[in-house]
Number of protein chains: 4
Amino acid sequence: MVRTETRAAYREAILDAATRVFGRLGFQDAKMADIAAEAGVAAGTVYNYFKNKEEVFRSILQRTHELVYQRILVHQQLEDPIERMRASTREAFAFLEEHGALFLLYVSIGGGFDWAQKRVEQALMVENTARYLALSHATLRDAAARGLIRSDVSVEQLAVFLSGLTDATIFTWVRTGCEPGLRDQADPLIDFFLNGARAP
Amino acid sequence: MVRTETRAAYREAILDAATRVFGRLGFQDAKMADIAAEAGVAAGTVYNYFKNKEEVFRSILQRTHELVYQRILVHQQLEDPIERMRASTREAFAFLEEHGALFLLYVSIGGGFDWAQKRVEQALMVENTARYLALSHATLRDAAARGLIRSDVSVEQLAVFLSGLTDATIFTWVRTGCEPGLRDQADPLIDFFLNGARAP
Amino acid sequence: MVRTETRAAYREAILDAATRVFGRLGFQDAKMADIAAEAGVAAGTVYNYFKNKEEVFRSILQRTHELVYQRILVHQQLEDPIERMRASTREAFAFLEEHGALFLLYVSIGGGFDWAQKRVEQALMVENTARYLALSHATLRDAAARGLIRSDVSVEQLAVFLSGLTDATIFTWVRTGCEPGLRDQADPLIDFFLNGARAP
Amino acid sequence: MVRTETRAAYREAILDAATRVFGRLGFQDAKMADIAAEAGVAAGTVYNYFKNKEEVFRSILQRTHELVYQRILVHQQLEDPIERMRASTREAFAFLEEHGALFLLYVSIGGGFDWAQKRVEQALMVENTARYLALSHATLRDAAARGLIRSDVSVEQLAVFLSGLTDATIFTWVRTGCEPGLRDQADPLIDFFLNGARAP
DNA sequence: AATGAATGAGCGTTCATTCAT
DNA sequence: TATGAATGAACGCTCATTCAT
């Protein structure tokens, strides 16, 4: 039992360290030696827990997605779909404020990573993104059924827009230095999503 | 004069080649040898025109931004700010449809590239982004002044939302395989920007 | 006593496992982990019995040589030196048929192993080879004394030829897939050794 | 042209250096850095001429085999098959005396090299060995047809014996320090091959 | 100015060996 | 004494960049 706990602790420590290092340097510039040093273990030790650098990265991604997903999932029981949207967005923003570096990591997959052959990662991304989208679709469908949002635009299209607004807000937050207060932007975001820019 | 033209032609040829290669492989996986081969020149020749790999990348970015900016600039003379938005978005989408690979390149900067020290690129990105934003801000300010859009949300905030909608649309387009028709999504996008998701 | 027996049993089990693994992969490609796994013990355990990988190898060699030597020794009491040769060769071939892998191991020392500094192994080889040669020399000397073989060629030279014929036969046997029947080639070999290729 | 010559010269220089290093240290212990240093080039340069370490090795082997084969081939026009055997053996021994290190290299393939998966090398070996054997078979068949050697043993079997005698002689020569005089052992060897050890 | 080969620093990964439990 | 995880030195190979021609 102790063994198992120790192993798990090592694994987590390495993932934590890797998250910091990847967040600081990006996938390519992060060296396995950096990660090991940050975790306070020998270089070889990392390989006792992960097959290679890519798997370290993949594991962080998976762990993070799982975490965020679970936290968002909690709010899906809210009756009002609009409230569900607000709560989900707020939760996602809160998570980012707590784990700033993670986002940098998240973003870093968007591009340089595994461009061509190694679409594997992208597949993983897509799969995870799909889970979020499924929640979003369900909520929007519910809202449409209740007449709360327009039905002349598909929920898929609306979900794209909603995620766009969310991502843009996050990007801007990161660009402006991750100042506290991101989570307060959830409600204005949803308001805009609902009402648009047209003067009332 | 001929000299100058020849130099310019070489330069352009290399940038064209590099754009294709970066678009295909991403910054990290693209080798200088690949670029040289694609351009039909020797590896060393690339270094007669660009200091290093990074400068090749930077130059593509700059050239592209300039191109897009000029094409968007043309529409800024439109009287109606809403029309300006529509035209600008349409123009940006049209450009992407014509130069698909460029976007991949653009995206590739989002992440792995220049993560830490090399914030230089990001500065360049920010600068260019700022130019677009300035246009966007001006248009939105104009629209607000004419009472076409709400004034209880800052134009800066609205610009963020607008760019978010645009980016999300582009992302989705790329993810679904760059099928023709992106430019047709400009109007629905602006409509949504103006009206939001609320049932009318 | 039990202790000692247990230790000996462990040692033998590890050597057996190592013989299989070395035979399968060769010295370089065989990992200590492989050997430990094959023996059903932990990696560290191997080091309780052998100083290092090299000593494991050396021990196998020694054990094998001892075994073969003892089996060959039995036949040295035969009166007729020619019969002694036949019996010895037959015995060696029989051993190889029973322990195919061992030969692979034996061969694997011929080359990559211990090339430079590590001449130690070669010394051990030479020493063991010398024991076989001593038997061979004695037999040939006996045969020469009885006028059974020519005396115008030194027994040392004849022993070299005899071992060459033996090795070549073994090599060919290995190259053709270790098919059963090697031991049947002992007599034709000795016949050739005695009579040569000249048409009678 | 100069280019081609220069390239060829580099290639040869690297192969020469590699032959010395492999001969000194064996395949495994020879480092690419050693080879590069011995050749007086940078480590990376070796990779401009050979895909990897294995290919360097393979190339040496091939080059050597070709050389020896050509030298032996010259003597195949001799009328008398026995003379052909003598000349071929003498030629092979002469080559070894001139290129001592090569044999060590040759031997080093016998074992540690490419044990399991990498049977490729062995295939190459077998192929080259086959060429020598073909010559040997032809000569022996010729001798048998003329009634010079016995016909109750297959030429294939006799070729195995002949190569065994040759290899054993070489081995002994190497073991005793590569003293000059190897080529003088060709005739006694053939004599033994023909007459065997039986007292006349 | 173009060429294309030489350069060599740099890094992911392996695995024999050690050591705390 | 067995365990099995931690260790870290070692090395093949890549590729951006330089430079002689």
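This one's a predicted model, so the numbers in the text were calculated from it and none came from an experiment. Within every chain, numbering begins at 1; the chains are lettered A, B, ... in the order of the sequence lines, protein sequences first and strands thereafter.
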Excluding sequence neighbours, so at least two apart, what forms side-chain contact (heavy atoms from CB on, under 4.5 Å) with [X]?
X	result
B:Asn48	none
B:Tyr49	B:Arg7, B:Tyr10, B:Arg11, B:Ile14, B:Thr45
C:Glu55	C:Phe50, C:Lys51, C:Asn52, C:Arg58, C:Ser59
A:Glu66	A:Gln62, A:Gln70, A:Arg131

Figure out the [atom1]/[atom2] separation between [X] and [N], and round it to whole Å.
X	N	atom1	atom2	value
B:Ile14	E:dT3	CD1	C1'	13 Å
D:Phe50	E:dA5	CZ	C1'	15 Å
D:Tyr10	E:dG4	OH	P	16 Å
D:Asp34	F:dA10	CG	P	13 Å

Closest to side chain of B:Tyr49, choosing from E:dA1, F:dT7, F:dA5: E:dA1
The answer to which of D:Val41 and B:Val46 contacts DNA chain E further toward the 5' end, by nearest nucleotide, is B:Val46
Closest non-hydrogen atoms of D:Ala13 and D:Ala39, given as atom of the first, atom of the second and distance, are O-CB, 4.1 Å
Assign a letter to each nucleotide of nucleotides 13-19 of chain E from its 5' end: B, base within under 4.0 Å of a protein heavy atom; S, sugar-phosphate only; -, no contact. BBSSBB-
Report the stems of DNA chain F as range-with-range entries sorted by first number; a stem here is at least three consecutive pairs, Watson-Crick or G-U wobble, both distances under 3.5 Å, and write none if there are none. E:2-21 with F:2-21
